[in-house]
Amino acid sequence: MTRWLLILLTALSLTGCGYNDFQRLDEQTKSAWSEVLNQYQRRADLVPNIVATVKGEAAFEQETLTKVIEARAKATSIQVTPETLNNPEAFNKFQAAQGELGSALSRLMAVSEQYPSLKANQGFSDLRVQLEGTENRVTVARNRYIQAVQAYNVLVRSFPSNLTAMVFSYQPKPSFTVQNEAAITTPPVVDFNKK
């Protein structure tokens, strides 16, 4: 009888100190992170099709294609595990690699606008639409991850749940940040007099 009473009291005290909230929010962050990875994988799978289509349709800037291929290879070579969420250095490395791939794809799309025959190709147009849709999905998945991490980190840092976090070693999780914050806060220069 005493044993059951002790178990009941332990369960009630863990519930009252936010232990279950930690479990719930930790699972939400993992789930949101899985969706981010899912969308990054979709993008990585799409890149070879885009490169092959572009190569086949235009005498194209080889350097741009090479950068896309290298960025994809780098982004897919990083091993991501559930522990990545608790390792800010590994998380930043992964985020930087994905940022490079996104940047290379943006350059590819911008340069391809200069080739009318490529723009008119139906296969390229379809891939471009898929890539734009994938980028939107990546953005939505990242936003959901950011929200899940925010809820989790608020719980980790709030009193009295921060005591539970200390006892069970729950650390704040890293979130996505902008890689080039200084560059994007500078307003773009628009000059219509340039030729």
Side-chain angles (χ1 to χ4, degrees), residues 11 13-50 68 70-109 126-185:
S13 65
L14 286 176
T15 301
C17 66
Y19 181 79
N20 289 339
D21 291 333
F22 277 108
Q23 299 304 313
R24 180 177 52 81
L25 293 177
D26 190 43
E27 287 302 316
Q28 278 183 358
T29 58
K30 288 176 183 172
S31 172
W33 178 245
S34 294
E35 183 56 24
V36 170
L37 295 179
N38 181 34
Q39 295 306 325
Y40 278 148
Q41 185 62 52
R42 177 187 163 89
R43 181 171 69 175
D45 292 344
L46 201 56
V47 167
N49 292 333
I50 293 172
V68 171
E70 288 173 355
R72 180 194 180 270
K74 186 175 179 183
T76 56
S77 69
I78 296 176
Q79 295 294 320
V80 180
T81 63
E83 287 75 32
T84 303
L85 293 179
N86 298 322
N87 184 342
E89 185 179 329
F91 184 86
N92 288 337
K93 187 176 175 184
F94 175 76
Q95 185 182 355
Q98 290 298 330
E100 280 183 38
L101 178 56
S103 178
L105 285 171
S106 295
R107 280 194 303 274
L108 174 64
M109 291 301 155
D126 293 345
L127 285 173
R128 185 177 173 177
V129 168
Q130 286 187 34
L131 183 60
E132 289 171 354
T134 300
E135 292 300 316
N136 289 336
R137 289 177 184 166
V138 167
T139 301
V140 169
R142 288 176 59 158
N143 283 339
R144 288 182 180 153
Y145 175 74
I146 289 169
Q147 290 170 358
V149 167
Q150 179 187 18
Y152 175 86
N153 286 346
V154 166
L155 187 66
V156 167
R157 293 187 170 131
S158 299
F159 183 80
S161 56
N162 63 341
L163 301 175
T164 304
M166 196 177 344
V167 170
F168 290 100
S169 300
Y170 288 113
Q171 300 295 318
K173 293 183 184 288
S175 190
F176 286 104
T177 59
V178 177
Q179 293 291 314
N180 54 351
E181 187 174 339
I184 64 170
T185 55

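By the 4.5 Å heavy-atom criterion applied to side chains, Leu37 and Phe94 are counted as neighbours. Counting heavy atoms from C-beta outward, Gln39 and Thr139 have side chains that stay 4.5 Å or more apart.
Here the closest non-hydrogen pair linking Gln171 and Tyr152 is O-CE2, 3.2 Å. Here the closest non-hydrogen pair linking Trp33 and Val80 is NE1-CG1, 3.6 Å. What you find for Phe159 and Leu163 is that their closest heavy atoms are CE1-CD1, 3.7 Å. The two residues Val36 and Ala141 make their nearest non-hydrogen contact at CG2-O, 3.4 Å. The minimum heavy-atom distance linking Val68 with Leu108 is given by the pair CG2-CB, 4.0 Å. The shortest non-hydrogen separation linking Leu155 to Phe22 is CD2-N, 3.5 Å.
Judged as a side chain to side chain contact (heavy atoms under 4.5 Å, CB included), and not counting sequence neighbours, the contacts of Lys93 are Ile78. Every residue was checked against the side chain to side chain donor-acceptor pair (under 3.5 Å) condition with Asn153, not counting sequence neighbours, and none meets it. Checked against side chain to side chain contact (heavy atoms under 4.5 Å, CB included), Thr76 has the following partners two or more places apart in sequence or in another chain: Ala44, Arg72. Partners of Gln150 according to the side chain to side chain donor-acceptor pair (under 3.5 Å) rule, which considers only residues two or more places apart in sequence or in another chain, do not exist here. Legend: residues meeting side chain to side chain donor-acceptor pair (under 3.5 Å) with Asp45, ordered by chain and number and at least two apart, are Gln41.
Counting heavy-atom neighbours within 6.0 Å of Arg107 CZ, excluding the residue itself, gives a total above 12.
Between the side chain of Asn92 and the backbone N or O of Pro88, at least one donor-acceptor pair lies under 3.5 Å. Of the possible polar contacts, one joining the Ser106 side chain to the Gly102 backbone as a donor-acceptor pair under 3.5 Å is found.
Residue pairs meeting the side-chain hydrogen bond (donor to acceptor under 3.5 Å, both in side chains) criterion with at least one member in residues 129-138, sequence neighbours excluded: Arg42-Thr134, Arg43-Glu135, Arg128-Glu132.
Between Phe168 and Tyr19, the distance from one ring center to the other falls under 6.0 angstrom.
The distance from atom CZ of Arg142 to atom OH of Tyr40, rounded to the nearest 0.5 Å, is 4.0 Å. Separation of atoms CG (Asn86) and OH (Tyr170) is listed at 10.5 Å; rounding is to 0.5 Å. Atoms CG and CG, from Leu131 and Asp126 in turn, are 12.5 Å apart once rounded to the nearest 0.5 Å.
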Exercise. I would like to know whether Val140 and Glu35 meet side-chain contact (heavy atoms from CB on, under 4.5 Å); could you show each step before the answer?
Key: CA-CA 9 Å; Val140 169; Glu35 183 56 24; over 6 Å; no

Quiz item: Is there a side-chain contact (heavy atoms from CB on, under 4.5 Å) between Asp21 and Thr164 once you walk through the steps?
Solution: CA-CA 10 Å; Asp21 291 333; Thr164 304; over 6 Å; no

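For the residue pair Gln23 / Glu27, no side-chain donor-acceptor distance below 3.5 Å is found, with atom types taken as modelled.
Partner of Val149 under the side chain to side chain contact (heavy atoms under 4.5 Å, CB included) criterion, out of Ser175, Pro174, Pro172: Ser175 alone.
Look at Lys74 and Glu100 and you find a salt bridge, because one of the NZ, NE, NH1 or NH2 atoms lies within 4.0 Å of a carboxylate O, short of that distance.
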